[in-house]
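Atoms within each ligand, like the ligands themselves, are counted from 1 in listed order. In this chain, numbering begins with 1 at the start of the sequence shown.
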Amino acid sequence: MSRPGHGPDLVILTGAGLSAESGLGTFREKDGLWTRYDLNDVATPEGFERDPKLVRDFYNARRANLREAEPNDAHRALARLQRTCPDQVMIVTQNVDDLLERAGAEALHMHGELFKTRCAFCEAVWTDQGDLGAEQACPSCGRSGGARPDVVWFGEMPMFLPQIEAALEHCRFFASIGTSGAVYPAGGFAAQARRAGARIVELNLEETEISHIFHEALRGPASEILPPWVEEMEGRLARSPWGC
Ligand code: OAD
């Protein structure tokens, strides 16, 4: 049960590092996606207007990778934590993959979802694991030429912000997992939770540019450091006056 009127006790923010061991690339590390592609070309509304084929090909390649990928022990650990303490744990992810869901977790996808297509004309959204194409007709308005991934591009508004911000104001614990903290507003969530009184922890393979703001840091691959951390959190949440 969550604290009456206060939402989840623990807010978790995840990034590309959570899915790295499932074979999905990160963005800013050596060989990361943004070292091989110009994000202005493939992750902005202007890039899509300029060259929709380039953008669709980029996301079709990412969909193909995701179709082959499997959740890892880090996704499974988070799913277990949420199962044990359903209303106490909010998972917010910047990842557009569905590996948390396939592991049994529920997450707010603030940067959208790769396996969803959006019509650029009427904003209809539908589930779609196949290739994006210029000829694809929108099931709602019937027009073709507007199919784009339902992901948030630079210059667009992240999703679920009011819900996330409300949770950050009241949580007692905040964890940043496998994210560089380089992209805002997500990069500011840890500081926001700390200002509101939460104990904040960073779980990452390496130090990040925002590591100095955390009370505590756990270093290592997510699949190794998450399972023991989850066990510890289950204990802490169970000891809270509201239980799990
Ligand atoms: P980044 O590529 O910026 O950072 C990935 C982080 O994961 C780094 O801090 C790594 O140290 C860490 N990492 C890598 N492998 C790991 C592992 N096995 N275990 C634990 N940590 C590991 O990716 P994000 O922070 O997710 O947005 O990037 C944020 C946003 O930037 C993305 O959602 C995407 C991108 O542009 C949009 O496209 C809108």
Using a 3.5 Å cut-off on N or O atoms only, is Asn95 in polar contact with ligand 1? no
Please write down residue, atom name and distance for the protein heavy atom closest to atom 22 (C) of ligand 1. Gly17 CA, 3.5 Å
Hydrophobic clusters here meaning ILVMFWY residues chained together by side-chain heavy-atom distances under 4.5 Å, can you tell me if Leu66 and Leu33 are in one? yes
Which protein heavy atom lies closest to atom 7 (O) of ligand 1, and at what distance to 0.1 Å? Gly178 O, 3.2 Å
Tell me whether Ala74 reaches ligand 1 (any heavy atom closer than 4.0 angstrom to a ligand atom). no
Hey, does Ala182 sit under 4.0 Å from ligand 1 if you only count heavy atoms? no
A student comparing Leu18, Val183, Thr179, Leu218 should find that the heavy atom closest to atom 30 (C) of ligand 1 comes from Val183
Can you establish whether the number of heavy atoms outside Glu232 located under 6.0 Å from its atom CD is more than 12? yes
Return a yes/no value for Gly181: is any of its N or O atoms, backbone included, closer than 3.5 angstrom to an N or O of ligand 1? no
How far does OG1 of Thr14 sit from NE2 of His109, to the nearest 0.5 angstrom? 8.0 Å
Do the charged groups of Asp97 and Arg62 touch, with an N to O distance under 4.0 Å? no
For the hydrophobic clusters of this structure (ILVMFWY residues joined by side-chain heavy atoms under 4.5 Å, transitively), does one cluster hold both Tyr59 and Tyr37? yes
Which residues satisfy the ring pair (Phe, Tyr, Trp, His ring centres under 6.0 Å) test with Phe48, sequence neighbours excluded? Trp153
Heavy atom of Trp153 under 4.0 Å from ligand 1? no
Beyond-backbone contact of Gln94 with Thr179, side-chain heavy atoms, under 4.5 angstrom: yes
Any nitrogen or oxygen of Thr208 lying under 3.5 Å from a nitrogen or oxygen in ligand 1? Just yes or no. no
Any nitrogen or oxygen of Ala16, main chain or side chain, under 3.5 Å from a nitrogen or oxygen of ligand 1? yes
Please indicate whether Glu123 has more than 12 foreign heavy atoms, meaning atoms of other residues, nucleotides or ligands, lying under 6.0 Å from its CD. yes
Which segment of Ala20 sits under 4.0 Å of ligand 1 when only heavy atoms are counted: side chain
Given that the side chain starts at C-beta and the backbone is N, CA, C, O, which of these parts of His111 lies under 4.0 Å from ligand 1, counting heavy atoms, or is it both or neither? side chain
Is there any N or O on Leu205 that sits under 3.5 Å from an N or O of ligand 1? yes
Partners meeting ring pair (Phe, Tyr, Trp, His ring centres under 6.0 Å) with Phe115 (sequence neighbours left out): none
Answer with side chain, backbone, both or neither: which part of Val152 has a heavy atom less than 4.0 angstrom from an atom of ligand 1? backbone
for atom 14 (C) of ligand 1, nearest protein heavy atom and its distance come out as Glu29 OE1, 3.3 Å
Answer with side chain, backbone, both or neither: which part of Glu21 has a heavy atom less than 4.0 angstrom from an atom of ligand 1? side chain
Salt-bridge test for Asp41 and Arg50: reply yes if a basic N is under 4.0 Å from a carboxylate O, no otherwise. yes
